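Structure, as structure tokens:
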Amino acid sequence: ILSYNSGVTLPEGCGIWLNDCSSESLDDAVNKFSNKSLNCIKNESLKAKTFVSALHNRDNYRSDVFKCFVDLLKSEGCHE
């Protein structure tokens with residue numbers, strides 16, 4: 001159960017998204033979740049884990065941070 005404002009990305013069809021964080025929306029989301037089959041929850045969890053593991057790993061983090069520093073240095077007039 002995630003808020004659209006969280007900035008988290010999940011694969012299509014995974015998770016339950018909250019349009020707002022009101023108690024009514026949260027209550028509806030919990031009810032939707034509790035009505036899912038255990039097999040459905042397991043499949044969504046595995047799909048989300050695989051998706052997140054592919055995007056958020058050390059190599060990607062290292063590459064993103066390096067690119068950020070290079071871009072910052074370039075914007076400050078520094079050369080590689």
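Quantities reported herein were computed from a predicted structural model and do not represent experimental measurements.
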Could you check if a side-chain atom of [X] sits within less than 4.5 angstrom of a side-chain atom of [Y], using non-hydrogen atoms only?
{"X": "Tyr4", "Y": "Leu18", "value": "no"}
{"X": "Ile41", "Y": "Phe33", "value": "yes"}
{"X": "Ile1", "Y": "Val30", "value": "yes"}

Could you give the distance from [atom1] ([X]) to [atom2] ([Y]), rounded to the nearest 0.5 Å?
{"X": "Cys14", "Y": "Leu2", "atom1": "SG", "atom2": "CG", "answer": "10.5 Å"}
{"X": "Leu72", "Y": "Lys67", "atom1": "CG", "atom2": "NZ", "answer": "11.5 Å"}
{"X": "Glu44", "Y": "Leu10", "atom1": "CD", "atom2": "CG", "answer": "9.0 Å"}

Donor-acceptor pair, distance only, cut-off 3.5 Å: does the side chain of [X] make one with the backbone of [Y]?
{"X": "Ser53", "Y": "Thr50", "result": "no"}
{"X": "Ser63", "Y": "Asp59", "result": "no"}
{"X": "Asp27", "Y": "Ser23", "result": "no"}
{"X": "Ser6", "Y": "Ser3", "result": "yes"}

| Heavy-atom count around Lys49 NZ within 6.0 Å, excluding the residue itself: above 12? |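 Open: at most 12 neighbouring heavy atoms sit under 6.0 Å from NZ of Lys49.
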| Would you call Asp71-Lys74 a salt bridge at under 4.0 Å N-O? | no
| Hey, are Asp28 and Lys32 close enough for a salt bridge, meaning a charged N less than 4.0 Å from a carboxylate O? |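 Here Asp28 does not pair with Lys32 in a salt bridge, since their nearest N and O are not under 4.0 Å apart.
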| With hydrophobic residues grouped by side-chain heavy-atom distances under 4.5 Å, do Leu55 and Leu46 end up in a single group? | no
| said: Please give me the minimum heavy-atom distance between Glu12 and Lys47, naming the atom from each residue. | reply: O-NZ, 3.0 Å
| query | So, for Ala54 and Asn60, which heavy atoms are closest and what is the spacing to 0.1 Å? | reply |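 Scanning both residues, the minimum pair turns out to be O-ND2, 3.1 Å.
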| request: For Ser22 and Ser25, test the side chains for any donor-to-acceptor distance below 3.5 angstrom and give the result as yes or no. | output: yes
| Under 3.5 Å, is there a donor-acceptor pair between the Ser37 and Asn39 side chains? | no
